[in-house]
Amino acid sequence: MANMPVSEMRLPPHLTHLLAARRLDTAKVSLSIPPPLLPPPLLTARASGLRSVPIQDVLSLPEVELMAILDAGLPTARAAVALVSEAACPPCQTALTLLEERVRLGGGGRLATTLCGLDEALGGGIPMGKLTEVVGPSGIGKTQFCLKLALLAALPEYYGGLDGRVVYIDTEFKFSSRRMIEIGQKSFPQIFRQEGLAQKMAGRILVTRPTSLADFTKSLEEMKVTLLQHDVKLLIVDSMAALMSLENEKATAGFRQHPLRGTLSFLKSIAEFSRIPVVVTNQVRSQSNDDGYHFSFEVDKKDGNKCAERFDSHLVAALGIQWAHAVTVRLVFESHSGHRFIKVAKSPMSPAVAFPFIVESSGITLLSDESIDVTGPEITSIRCQDISPGQNVLAR
Amino acid sequence: MGEQSGKFLLCSHYILIFAWAQNAWDMLSDEQSQKHITTGSGDLNDILGGGIHCKEVTEIGGVPGVGKTQLGIQLAINVQIPVEYGGLGGKAVYIDTEGSFMVERVYQIAEGCIRDILEHFPHSHEKSSSGQKQLQPEHFLADIYYFRICSYTEQIAVINYLEKFLGEHKDVRIVVIDSVTFHFRQDFEDLALRTRVLSGLSLKLMKIAKTYNLAVVLLNQVTTKFTEGSFQLTLALGDSWSHSCTNRLILYWNGNERYAHLDKSPSLPVASAPYAVTGKGIRDALHTNLREVDATEQATTVFLYLNVWHILHSQIEKQLQGGQLPIGMDNS
């Protein structure tokens, strides 16, 4: 089993390549291309009893070292690289086949949030197969939003849900079943009046509480089988920043970037190959001197004015710029001018717009479906003026 | 191909044989007939000298959300604009490492491009399109070859495989990698290995660009660097990578507008230009003209101008070789 090539496992082609690439299978993907495809010099090289070489090494070693391992000349080493590259390369698709597949899978590839303005701005809802980030200061309503999404994914399809299970990874111990049932009862009274339905819905939501990043990664690994077999339709991580800050406390300075690596692309590949929406919550932090804001050519052109544009009351999202690049959709929850806003800060499908909202007993509701355009530096900044307690209308 | 024609240089003391050399005059006519891929925004095309150049590697970097993927998709669509409408009529290879390729947006941008073509060439649907590309978004989508890459191993594999793939698909005119950075920021602890692998990749990409006469566009992310007493933004992957690309375009926010800054080019001056991301794709920013400029019009004009120049130039050359004076030079 250890040397079984991934191609021999009976998996659909795109999964084979994803699994092989992510090394999610325990097998070491080895240079086990069937003999008829190998040119004769390569065959003899392998026959001389050399252990199998991982694909990763074949492709990243210098040619000289590869020649030494294969015990062959330069043309053979080059032929080996070309052959392995072709085998390791993912299958070629066209944008049209992607579109047809999207159409065939149906559902528009979105999870509708029932907030009409937001759904319209996002092209139907939270996209499937992509990473969506929800970031905002504490107490603004991120967990309420996640609870509502969890509920929506569990609902049957004729009520607009995904009729599937939800995995909710709760790192800050904020998940409240009571609150979620309350949201359900207030938003969909006709469903929840039915006998036993509340229990059924709640039963579809699996909550796990990892205490460290290692725990989290381990549970994700175990979950990927569950994701495929058990019809999980949504994965929520609330919150990612809390996991990272746990790691930062343990790690020494200089390794700040490390915890993110691997976890990030792992989450993205889970999202893609299981084709479910993944929603991750993030915290905010105040601006520090470590944040760069301008390119060197910008600083040269203008004088000190640019520095004055850093508003000290503005916050930035935690987890850094690498994380900001990696997420596909970023929803910023912020408060200013006496209201709270959901701002679509990054989306491939829509310009930056904001919607005012409140948190009430039925969860998050938009005050208006009319979007407010947001431009320039306001898109990336996060404002947090005092959230007055009167605005929080949570039933006790 | 021109580059491969042998040239002998006889010198009095020794014979030098340059098998692959080309003299600068031939290269000049090559450069002038070089095709450009319009970006959709006239201002952006202007600072780029007509658009993204074929036979060259262009790096495009910017902060998250500024429109790198949008520009990448726009180029993958614009390369397919048929020759009779001022485009290259080619196909595109899109290598997606981050999963940011949203196919509904590609459809939208294709529709926007077609709408602009029809607006500009209103009689096109009356012409019989025998063997020509039908102006339907589905046809544009069908000509984008898409690879989804999930690790740096796959990234190396696909770039190696491209040499064979492009030999089989000779009508590809652009290769977009979105983004070249992602996997190299994730899995690498060994920076020396990373530098070596990246420089190997960039050499292969340059070779592909030159051999198959296509444009290679690499999208890059930003990171912060401590220079001159403060932290500044800079493109990721380090200093040695920054030497690898022929052209560099940085997308950034200037106040409320998106700007593009041409940071590195062998033949054009450093310059900045505004652009906008609209529902139809990348277009000119509104305030630069009193009305919304039809970017295809500008690109077409530029391209036709270059074509006319080339035709004139080659005619003049032929006539000079034939011993005649070019037309109009008889009396002066």
Side-chain angles (χ1 to χ4, degrees), chain A residues 14 17-18 21-23 55-56 59-60 62 81-82 84-86 88-90 92-96 98-99 102 123 127 129-131 261-262 264-265 268-269 271-272 289-299 321-322 324-328 330 345-346 348-349 351-352 375-377 379-380, chain B residues 63-65 69-70 94 98-107 138 141-154 156-158 160-161 164-165 179 182-183 185-187 193 196-197 221-225 227-228 230-234 250 252-257 261 263 270 277:
Chain A
H14 73 274
H17 286 277
L18 274 168
R22 287 300 314 157
R23 287 165 272 153
I55 282 188
Q56 185 184 344
L59 294 178
S60 50
V81 169
V84 170
S85 299
E86 190 172 345
C89 186
C92 176
Q93 303 168 276
T94 66
L96 189 61
L98 288 179
L99 184 66
R102 171 69 57 81
K130 314 282 181 203
L131 205 55
R261 292 186 193 178
L264 192 45
S265 45
K268 285 189 92 158
S269 48
E272 269 194 52
N289 286 327
D290 280 4
D291 297 324
Y293 293 99
H294 302 293
F295 292 93
S296 50
F297 57 84
E298 290 179 87
V299 172
I321 204 162
Q322 204 177 335
H325 275 295
V327 296
T328 313
R330 172 174 264 191
K346 180 182 178 191
M349 289 298 298
T375 49
I379 298 183
T380 42
Chain B
V63 293
T69 304
Q70 303 293 313
Y94 197 98
E98 295 182 346
S100 42
F101 189 79
M102 301 202 76
V103 83
E104 302 100 333
R105 179 63 175 152
V106 182
Y107 193 90
E138 286 82 3
L141 260 64
D143 285 341
I144 300 179
Y145 297 109
Y146 176 80
F147 292 89
R148 174 70 174 99
I149 301 296
C150 299
S151 72
Y152 81 89
T153 314
E154 284 198 341
I156 303 174
V158 76
N160 287 341
Y161 175 59
K164 182 176 174 197
F165 183 84
S179 62
F182 184 66
H183 294 296
R185 283 173 113 178
Q186 304 292 320
D187 297 332
L193 173 67
R196 186 166 49 74
V197 170
Q221 297 176 352
V222 298
T223 180
T224 51
K225 184 168 88 161
T227 48
E228 294 165 21
S230 65
F231 279 92
Q232 287 175 358
L233 292 175
T234 181
I250 297 184
Y252 65 105
W253 283 101
N254 187 0
N256 280 0
E257 280 198 308
H261 176 84
D263 197 53
V270 163
V277 181

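Within every chain, numbering begins at 1; the chains are lettered A, B, ... in the order of the sequence lines, protein sequences first and strands thereafter.
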From [atom1] ([X]) to [atom2] ([Y]), nearest 0.5 Å:
| X | Y | atom1 | atom2 | result |
| --- | --- | --- | --- | --- |
| B:Thr223 | A:Gln322 | OG1 | CD | 8.0 Å |
| B:Glu154 | A:Ser85 | CD | OG | 11.5 Å |
| A:Leu98 | B:Leu141 | CG | CG | 8.5 Å |

query: What residue in B:Val277, B:Asp263, B:Ile149, B:Ile250 has the most heavy-atom pairs under 4.5 Å with chain A?
result: B:Ile250

message: Which one wins on heavy-atom pair count under 4.5 Å against chain A: B:Met102, B:Gln70, B:Glu98, B:Gln221?
response: B:Gln221

Of the non-hydrogen atoms in [X] and [Y], which two are nearest, and what is the gap between them?
| X | Y | answer |
| --- | --- | --- |
| A:Ala95 | B:Val103 | O-CG2, 3.4 Å |
| B:Gly99 | A:Lys130 | O-NZ, 2.8 Å |
| B:Val158 | A:Cys89 | CG2-SG, 3.5 Å |
| A:His325 | B:Val63 | CE1-C, 3.9 Å |
| B:Tyr145 | A:Thr94 | CD2-CG2, 4.1 Å |
| A:Pro90 | B:Arg148 | CG-O, 3.3 Å |

task: Identify, with sequence neighbours excluded, every residue that meets ring-ring contact (aromatic ring centres under 6.0 Å, His included) alongside B:Tyr107.
output: none

Counting only heavy atoms closer than 4.5 Å, note whether [X] contacts chain A via side chain, backbone, both or neither.
| X | answer |
| --- | --- |
| B:Lys164 | side chain |
| B:Phe101 | both |
| B:Glu138 | both |
| B:Thr234 | backbone |
| B:Val197 | side chain |
| B:Val270 | neither |

Which atoms of [X] come close to chain B, meaning under 4.5 Å heavy atom to heavy atom: side chain ones, backbone ones, both, or neither?
| X | result |
| --- | --- |
| A:Pro348 | both |
| A:Leu131 | neither |
| A:Pro127 | side chain |
| A:Ala324 | both |

A:Leu59 vs B:Tyr152, side chain to side chain contact (heavy atoms under 4.5 Å, CB included): CA-CA, chis, key distance, verdict: CA-CA 10 Å; A:Leu59 294 178; B:Tyr152 81 89; over 6 Å; no

task: Evaluate the side chain to side chain contact (heavy atoms under 4.5 Å, CB included) criterion for residues A:Cys92 and B:Tyr146: first the C-alpha distance (whole Å), next the side-chain angles of each, then the deciding distance (0.1 Å), finally the verdict.
output: CA-CA 6 Å; A:Cys92 176; B:Tyr146 176 80; over 6 Å; no

- prompt: Does the side chain of A:Ile321 come within less than 4.5 Å of B:Leu233's, by heavy atoms?
  reply: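 B:Leu233 reaches A:Ile321 side chain to side chain.
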
task: Classify the angle between the aromatic ring planes of A:Phe297 and B:Tyr252 as parallel (below 30°), tilted (30 to 60°) or perpendicular (above 60°).
output: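 Because their plane-to-plane angle is over 60°, the rings of A:Phe297 and B:Tyr252 count as perpendicular.
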
message: Under a 4.5 Å cutoff for heavy-atom pairs, which residue among A:Leu99, A:Thr328, A:Val327, A:Val81 has the most contacts with chain B?
response: A:Leu99

field: Test side chain to side chain contact (heavy atoms under 4.5 Å, CB included) applied to B:Phe182 and A:Lys268, step by step
entry: CA-CA 12 Å; B:Phe182 184 66; A:Lys268 285 189 92 158; 3.8 Å; yes

